[in-house]
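Remember, it's a predicted structure, so these values are computed and weren't measured experimentally.
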Amino acid sequence: MDSRFRHLYQVIAEGQRIAELTEGTFDITIGPLVNLWGFGPERRRDTPPSAAEIQAAQARVGWRKLELQAQPAAVRKAQPDLYIDLSALGEGYGVDQLTAWLDAQGVNDYMVAVAGAIRTKGSNAKQRPWAIAIEEPVTEHRSVNRIVSLTNRAVSTSGDYRNFFERDGKRYSHEINPVTGAPVERNLGSVTVIGDVGMVVDGWATALMVLGEERGPALAEAQGLAAYFIVRDGETLRTIATPAFQKMLDVEN
């Protein structure tokens, strides 16, 4: 098998795994909706699309329309114009590949970041675990909600406070629900997931963000994920940490 396709298949397969576990809330075929709302590689927009435009884009979305075969590895689209968007996994996969290369070079201490996905190994210049800040999900300024000390871990954060547009006093974020075809409307500001593999935590951070502050923590706990949710309650922020997240911090500290 061509190594490039092997890498691609691995990312697609992880996307389909998370899609099944979230009952389609996470969907790597969501590209047409992401582009429609102006958050893809196409032009930005400052007005919401029409209901007809959303319906037309949704007709091209559906993770079940993508079929995978493990041996020999193959991917088939059940619908010719299906569009695959791997941005919710690609950053994490990127740090995985970079850390694999660093490991092969014999590097024992590093922190690698690709956008919101990070992987660490060893210690920092002060011979301490890497200190990773989790930001508060606010747009007016940049402030730290908490700092986690990580060694040999991957971490990814997904939120609605950096990539969005506003219209008539309403915020439309890049976190889009494939079921409704529109950006999520939740009090959840951000989700941070910690684990061993960058691609996995990257995908789950997005999935849990779309699931929201009620369904997200429940599924994260059921899956044994180390996840940290920051929820807006009016002018204040409330946090939810899964048992695995709290246990991981206890061990690291």
Worksheet item: Do F26 and L21 pass the side chain to side chain contact (heavy atoms under 4.5 Å, CB included) test, and can you show the C-alpha distance, the side-chain angles, and the key distance before you say yes or no?
Response: CA-CA 9 Å; F26 181 88; L21 291 170; over 6 Å; no

Worksheet item: Just wondering, do I30 and Y83 contact through their side chains at under 4.5 Å, heavy atoms?
Response: no

Fill in: Note, P137 side chain near R232 side chain (heavy atom, < 4.5 Å)
yes

Discussion item. Test side chain to side chain contact (heavy atoms under 4.5 Å, CB included) on L237 and T239; report intermediate values, then the result.
Written reply: CA-CA 7 Å; L237 297 175; T239 62; 5.8 Å; no

Fill in: Shortest non-hydrogen contact between A227 and V193, atoms and distance
CB-CG2, 4.2 Å

Worksheet item: Taking Q223 for the side chain and A220 for the main chain, is one N or O donor matched with an acceptor at less than 3.5 Å?
Response: no

Discussion item. Using side-chain heavy atoms (C-beta onward) and a distance below 4.5 Å, is T120 in contact with I118?
Written reply: yes

Worksheet item: Are a donor atom and an acceptor atom from the side chains of S143 and E136 found within less than 3.5 Å of each other?
Response: yes

Discussion item. So M199 and V95, do their side chains get closer than 4.5 Å, heavy atoms only?
Written reply: no

Worksheet item: Between S158 and E175, does a side chain to side chain contact (heavy atoms under 4.5 Å, CB included) hold up when you go through it step by step?
Response: CA-CA 9 Å; S158 183; E175 304 286 358; 2.4 Å; yes

Worksheet item: Linking I/L/V/M/F/W/Y whenever their side-chain heavy atoms sit closer than 4.5 Å, directly or via other members, would L68 and F5 fall into one cluster?
Response: yes

Worksheet item: Checking N124 side chain against Q127 main chain: does a donor-acceptor pair fall under 3.5 Å?
Response: yes

Worksheet item: Can you find a heavy atom in the side chain of F39 that is under 4.5 Å from one in the side chain of S173?
Response: no

Worksheet entry | Verify same cluster id: L98, W130 (apolar side-chain graph, 4.5 Å) | no

Worksheet item: Judged by atom type as modelled, is there a donor-acceptor pair below 3.5 Å linking the side chain of Q69 to the main-chain atoms of P72?
Response: yes

Worksheet, complete the sentence: By ring-ring contact (aromatic ring centres under 6.0 Å, His included), Y228 pairs with (sequence neighbours left out) F245

Worksheet item: For R64, does the CZ atom have more than 12 heavy-atom neighbours from other residues, nucleotides or ligands under 6.0 Å away?
Response: no

Fill in: Of L219, L208, T242, the residue whose pairing with L225 passes side-chain contact (heavy atoms from CB on, under 4.5 Å)
L208

Fill in: Residues R186, E213: salt bridge by 4.0 Å N-O rule
no

Discussion item. Taking the side chain as everything from C-beta on, heavy atoms only, tell me whether T192 gets closer than 4.5 Å to V155.
Written reply: yes

Fill in: Least distance between heavy atoms, P178 atom then L33 atom
CA-CD1, 4.1 Å

Worksheet item: Given side chains that start at C-beta, do those of Q16 and W63 come closer than 4.5 Å, heavy atoms only?
Response: yes

Worksheet item: What are the two closest heavy atoms between G224 and A244, and how far apart are they?
Response: O-CB, 3.7 Å

Practice prompt. From the options I12, D85, V11, select the one residue that forms a side-chain contact (heavy atoms from CB on, under 4.5 Å) with I28.
Written response: I12

Worksheet item: Between the side chain of N177 and the main-chain N/O of T25, is any donor-acceptor distance below 3.5 Å?
Response: no

Item to complete: Dump the intermediate steps for side chain to side chain contact (heavy atoms under 4.5 Å, CB included) on E135 and I230, then the final yes or no.
Response: CA-CA 9 Å; E135 282 192 293; I230 303 180; over 6 Å; no

Practice prompt. Check the side chains of D103 and Y110 for a donor-acceptor pair under 3.5 angstrom, ignoring hydrogens and angles.
Written response: yes

Fill in: More than 12 heavy atoms of other groups within 6.0 Å of E214 CD
no

Practice prompt. Indicate, with yes or no, if V179 and V184 share a hydrophobic cluster defined by side-chain heavy-atom contacts under 4.5 Å among Ile, Leu, Val, Met, Phe, Trp and Tyr.
Written response: no

Worksheet item: Is it the case that one hydrophobic cluster holds both V200 and L86, taking links as side-chain heavy atoms less than 4.5 Å apart, direct or via other members?
Response: yes

Worksheet item: Any Lys/Arg nitrogen of D109 or K121 sitting under 4.0 Å from an Asp/Glu carboxylate oxygen of the other?
Response: no

Practice prompt. Locate the shortest heavy-atom distance separating A88 from T206; write the atom from each residue and the value.
Written response: CB-OG1, 3.8 Å

Discussion item. With heavy-atom distances below 4.5 Å as the criterion, would you say the side chains of R45 and L36 are in contact?
Written reply: yes

Worksheet item: For the hydrophobic clusters of this structure (ILVMFWY residues joined by side-chain heavy atoms under 4.5 Å, transitively), does one cluster hold both I84 and Y9?
Response: yes

Practice prompt. Assess the side chains of D81 and Q79: does a donor N or O sit below 3.5 Å from an acceptor N or O?
Written response: yes

Discussion item. So which atom in V114 and which in E91 form the shortest heavy-atom distance, rounded to 0.1 Å?
Written reply: O-CB, 3.5 Å

